[in-house]
4 protein chains.
Amino acid sequence: MINKVILIGNVGADPEVRALEGGVKVARLRIATTERIYNRQTQETKEHTEWHNVTLWRNLADVADRFIRKGSQVYIEGSLRTRDWTDKDGNKRYATEIVANDLKMLGRRGDAPASGADNSYGGSYGGAAQSSQSSPSPSGDIAASAPQEVDDLPF
Amino acid sequence: MINKVILIGNVGADPEVRALEGGVKVARLRIATTERIYNRQTQETKEHTEWHNVTLWRNLADVADRFIRKGSQVYIEGSLRTRDWTDKDGNKRYATEIVANDLKMLGRRGDAPASGADNSYGGSYGGAAQSSQSSPSPSGDIAASAPQEVDDLPF
Amino acid sequence: MINKVILIGNVGADPEVRALEGGVKVARLRIATTERIYNRQTQETKEHTEWHNVTLWRNLADVADRFIRKGSQVYIEGSLRTRDWTDKDGNKRYATEIVANDLKMLGRRGDAPASGADNSYGGSYGGAAQSSQSSPSPSGDIAASAPQEVDDLPF
Amino acid sequence: MINKVILIGNVGADPEVRALEGGVKVARLRIATTERIYNRQTQETKEHTEWHNVTLWRNLADVADRFIRKGSQVYIEGSLRTRDWTDKDGNKRYATEIVANDLKMLGRRGDAPASGADNSYGGSYGGAAQSSQSSPSPSGDIAASAPQEVDDLPF
DNA sequence: TTTT
DNA sequence: TTTT
């Protein structure tokens, strides 16, 4: 009835983007959420990083494609989906992913994702990606697979 | 950084509960979240049910053990955790679960999980379940792995 | 950037529903969320009830109108909105409300809101409301101001 | 039963911090959440900024005091609380606030809150603030009853 | 004003 | 395997 996931974390690699037959765009992101856990017994703090597979469709895929790079900090809202199949050894396999329905870029406008600040992008993307990199990388509120509409709200 | 899941759904089977060496209690729940999806093209409404594996520890496991039965409607808040191992065929396997940090029972006090709708509590559960059934079955706000404490809040 | 409220609670009174000029429907709900707070010092448990003003528009208003009654347990997702005005004494006044973008009814189908099970509804609503009462009162997944659409998703 | 608020936004001013008798620390933040709303009729996009009053206690107040400045981007999780009183004109007054139970700083480590983008920290804050500014300003995951710090995230 |  |  309610199946909701909220993530804030860093992107582990540039998004994988492809277009399905029919032109529908899909993107896939790996997102790390790191937490520190204090063990009262041993008085030690341990760090645990969890990696999440996020799938984005259409507009959200496009936003990811244009603005998200390895190292970007993002907010994701979505829902859980587990796919299953039978592998070559005849075993039932499962993979759980988050299907996004919202995506926001965090940090300030000029934020350099990852090591991109100091260099490294050099020539690795084609013209379009290049230019979107050099254009002002928006901070949040891009996105919205279903842009809100209003007509006569009295406020 | 933020790794949060919120579920509202129905429990597919009585909880599996066990105690680890050391006495720590763990429970496992299967929770179904069903959504209806309207396809504008075909004008059809399709239903999709997603099944979630939820793990509860200590107090939350105890609450699940005592109050949750097949059919119960519950609210779960928790975080995603993916375990991995190598199976007998040498393949890397993954399983994603939700580790609960909050659990509330939904519906009203007298709500019958599952077939209880017809008022057939009388004898319909075994001894143990009986007694937990006949004790005041709380609606919500049981739980709390980390019970809130207050001492001097000025409100 | 993110302004999100999630409530699960009981409705304090039947919804107030009206139609604006132009036919747009609006409903207002009062929702109580009660929590129990344990004070370790005094070893006492105190209960605190918080009352929330929820505004619902269009489809959600219609769902509230038809299915929600005093005592209903509901899930609300929405966002915070504070209105301000100047009162007759010239003071700036503020009122904060939750504008809903999702609404689900909790509990099982046959759940009686409040004391409605044993009586009281009798004749208190007009024909339409009556019939909607006697029609299957949906548990959840009614609603959706923005119904999901799918056309070519590969799952 | 569930009374949950999630905010991501920018802080409008340095936190107001004070200590109650007994030494308990409290901080108050003003947080702006801005959304863009597309009006299909007029094909215009309007921007709306909502301001939230957030109250933080003890550890969270301390974190706010040390690390949050005007312009900081933050994640807040908390619950709604409405206080009421009677004003000098005898009117019942209400004020709604969010009592935080989690706080994370967003953006990367070196992120300059507000006008800091140009590296102009030099002398712009008073002594105490200075030192907290010059200490490693963590990006997120400080905070909370279980303070979390990061310095060497590999991405 | 709801619920437990 | 739940619920509607």
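By convention in this document, chain letters (A, B, ...) are assigned in the order of the sequence lines, proteins followed by strands, and residues within each chain are numbered from 1. Since the model is a prediction, treat every value here as computed from it, not as a measurement.
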Taking NE2 from B:H48 and C1' from F:dT2, how many angstroms apart are they, rounded to a whole number? 14 Å
Measure the distance from CD on B:Q73 to C1' on F:dT2 and round it to the nearest whole Å. 10 Å
Out of E:dT2, F:dT4, F:dT2, which nucleotide sits closest to the side chain of B:N10? F:dT2
Taking donor-acceptor contacts at under 3.5 Å, does the side chain of B:T49 reach the base of F:dT2? yes
Please report the distance, rounded to the nearest Å, between CD1 in D:I2 and P in E:dT3. 18 Å
Could you pull out all residues at least two apart from A:T86 that satisfy side-chain contact (heavy atoms from CB on, under 4.5 Å)? A:K92
Earlier contact from the 5' end, DNA chain F, for B:A13 and B:E47: B:A13
How long is the line joining CD of C:E50 and C1' of E:dT3, in whole Å? 15 Å
From CE of C:M105 across to C1' of F:dT3 the rounded distance in Å is 15 Å
A:R81 vs B:H48, side chain to side chain donor-acceptor pair (under 3.5 Å): CA-CA, chis, key distance, verdict: CA-CA 10 Å; A:R81 186 105 193 185; B:H48 171 74; 3.2 Å; yes
For C:E16 and E:dT2, what is the distance between atoms CD and P respectively, to the nearest whole Å? 15 Å
To the nearest Å, how far apart are C:H52 NE2 and E:dT2 P? 15 Å
Which nucleotide wins on minimum distance to the side chain of B:R36, given the candidates F:dT4, E:dT4, E:dT2? F:dT4
Taking only residues two or more places apart in sequence, or in another chain, which ones meet C:N91 in a side chain to side chain donor-acceptor pair (under 3.5 Å)? D:K88, D:D89
Is there a donor-acceptor pair under 3.5 Å between the side chain of A:E97 and the backbone N or O of A:T55? no
Rounded to the nearest Å, what distance is computed from the CZ atom of residue C:F67 to the P atom of nucleotide F:dT4? 14 Å
